[in-house]
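Structure first, then comments.
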Amino acid sequence: MTRFLHSSDLHLGKRFGNFAGDLPSRLREARHAVLGTLARHARENGVDTILLAGDTFDTETPAADVRRQALTEMAHHVPIRWVILPGNHDSLQATELWAQLAREVPANVVLATTAHPIPLADGAVLLPAPCTFRRPGKDLSDWMDSAPTPEGAIRIGLAHGAIQSFSEEALSDDVIAPDRARRAGLDYLALGDWHGAMAVDPRTHYSGAPEQDQFKHERPGTALLVDIAAAGAVPTVSPLPTGTFTWRTFDLHLLAGDDPEAGLAALLPDMRDRRQTLARIRVDGRARLVARTALLSAYGQVAPDFAWLDLDEVGLATECDVDDLDQIDRAGALREAADMLLAESTDTAQSAEARAVASAALSRLYDYAQRVTS
């Protein structure tokens, strides 16, 4: 039997520049902490090898502290062995990066930088397919079909890239053959690139990113514990939790007369989970001005509880009558602005996004007027 952990797409050093405050640094630190989490899972499950199937680093030029601290953390977990495969974000095209890594790697770290068999424990052989360029333009796993291994050895493939359309940045020339495991007689093909865990077939798996980094894959970060009893045996694959942050999308559908505050409260996670949650609320349907204002107020009250919370109102139409506008102003500049925003919010010649912006602005104007007069 051979047993190992399969992970990928740590993207160490990712900047998360679309967020503000201390959140980017918290997200970066969570990615570094994954290394300790993987090592803990390895110790608890009697694993001596961790396979990282590409994109260990987010760029081909990670900062020195990102690179060195990652290697130091790996060295701390001897005798666990780490195997690092170049991915499309940290491909072999970054010659200086891999030269630096080769000079700095501790004894328990293996750089899988050549398409050549690497012996593992318990009669297993690893067949890596390192990314030569960010867009290599060919199936780099092709060499596995004819790769020689000892009689009775367990054959494990390690690659990074797309199978069919399953890719973060898919190009047709880069697609890995979906039946590569069968063609190459692999007992298991460990893949990276797709950030959500996915079984392509019983012998071919994407581990997914151990820390979520976008709303595209709304499932907790995991690594895969893989057991292979013998050459030819179907592997047993078990997910292990690795994520610190959760990325969630909540859909809120409103009709005129609904209570938006109650609807929002019913959607959101428990208070204890919010600090580690990045969430977006997509609202659609129809609401009167007073209800829309209540929704904005409720959102403003709960947003500070979250790591990040966004309210997307593009799909929400505003119902408004003269009485509503009178509560903003009966005449003058504010009423003119309200009339203009109402007209823009219902103008089908405008894009849906432009109408949504006008509706949101009208709601905020209404809220402002209520605050001033209260």
ask   = Given side chains that start at C-beta, do those of Leu225 and Leu5 come closer than 4.5 Å, heavy atoms only?
value = yes
Pair Glu211 + Arg219: basic N to acidic O under 4.0 Å = no
Check: Asp213/His11 side-chain N/O donor and acceptor closer than 3.5 Å = no
ask   = Does the side chain of Trp143 reach to within under 4.5 Å of the side chain of Pro128, using non-hydrogen atoms?
value = yes
key: Ile281 and Leu268, any side-chain heavy atoms less than 4.5 Å apart   = yes
Carboxylate-amine/guanidinium proximity below 4.0 Å for Arg272 and Asp270 = yes
inquiry  = In the structure I gave you, are the side-chain heavy atoms of Pro86 and Thr113 within less than 4.5 Å of one another anywhere?
reply    = yes
Residues Asp227, Arg3: salt bridge by 4.0 Å N-O rule = yes
Asn45 side-chain N/O to His41 backbone N/O, donor-acceptor pair under 3.5 Å = yes
message = For Leu289, is there any backbone N or O sitting under 3.5 Å from a side-chain donor or acceptor partner on Thr293?
response = yes
ask   = Are the charged groups of Arg180 and Asp142 less than 4.0 angstrom apart, N to O?
value = yes
key: Check: Asp187 side chain, Ile156 main-chain N or O, donor-acceptor pair, under 3.5 Å   = no
inquiry  = Counting C-beta onward and ignoring hydrogens, is there a side-chain heavy-atom pair between Val109 and Leu111 closer than 4.5 Å?
reply    = yes
key: Test: Asp310 and Arg280 ion pair at under 4.0 Å   = no
task = Look at the side chain of His77 and the backbone N and O of Leu38, then say whether any donor-acceptor pair between them is shorter than 3.5 Å.
result = no
ask   = Any side-chain heavy atom of Pro235 within less than 4.5 Å of one from Arg203?
value = yes
message = My understanding is that only one of Leu186, Leu158, Ile118 makes a side chain to side chain contact (heavy atoms under 4.5 Å, CB included) with Leu127; could you say which?
response = Leu186
Trp247 side-chain N/O to Gln212 backbone N/O, donor-acceptor pair under 3.5 Å = yes
ask   = Does the side chain of Trp82 reach to within under 4.5 Å of the side chain of Val105, using non-hydrogen atoms?
value = no
key: Thr56 (side chain) donor-acceptor with Leu52 (main chain) under 3.5 angstrom   = no
ask   = Can we say Asp339 and Arg335 salt-bridge, meaning some charged N sits less than 4.0 Å from an Asp/Glu carboxylate O?
value = yes
query = With a 3.5 Å cut-off and no angle check, do the side chains of Gln100 and Arg68 form a donor-acceptor pair?
reply = no
message = Check this for me, if you would: do Asp58 and Arg15 make a salt bridge, where the nitrogen-to-carboxylate-oxygen distance has to be below 4.0 angstrom?
response = no
task = Please report the shortest heavy-atom distance between Asp9 and Ala209, naming the atom on each side.
result = O-CB, 3.6 Å
inquiry  = Pairing donors with acceptors under 3.5 angstrom, does anything connect the side chains of Thr204 and Asp201?
reply    = yes
task = Verify ring-ring contact (aromatic ring centres under 6.0 Å, His included) between Phe57 and His89, making sure each step is shown before the conclusion.
result = CA-CA 7 Å; Phe57 301 99; His89 278 253; over 10 Å; no
ask   = Hey, do the aromatic rings of Tyr188 and His6 have their centres closer than 6.0 Å?
value = yes
message = Quick one about Glu313 and Ser359 (side-chain donor to acceptor, distance below 3.5 Å, no hydrogens or angles considered), yes or no?
response = no
message = Any carboxylate oxygen within less than 4.0 angstrom of a Lys/Arg side-chain nitrogen, looking at Glu104 and Arg67?
response = yes
note = Distance col, row Ile84:CD1 vs Leu101:CG, nearest 0.5 angstrom, shows 6.5 Å
query = For Met74, does its backbone N or O pair with a side-chain atom of Asn108 as donor and acceptor, under 3.5 Å?
reply = yes
request  = Decide if atom NE2 of His253 counts as having more than 12 heavy atoms of other residues, nucleotides or ligands within a radius under 6.0 Å.
outcome  = yes
ask   = Between the main-chain N or O of Ala256 and the side-chain N or O of Arg286, is there a donor-acceptor pair closer than 3.5 Å?
value = no
query = Are the side chain of Ser207 and the backbone N or O of Ser8 linked by a donor-acceptor pair below 3.5 Å?
reply = yes
Side-chain (Trp194) to main-chain (Ile163) donor-acceptor, under 3.5 angstrom = no
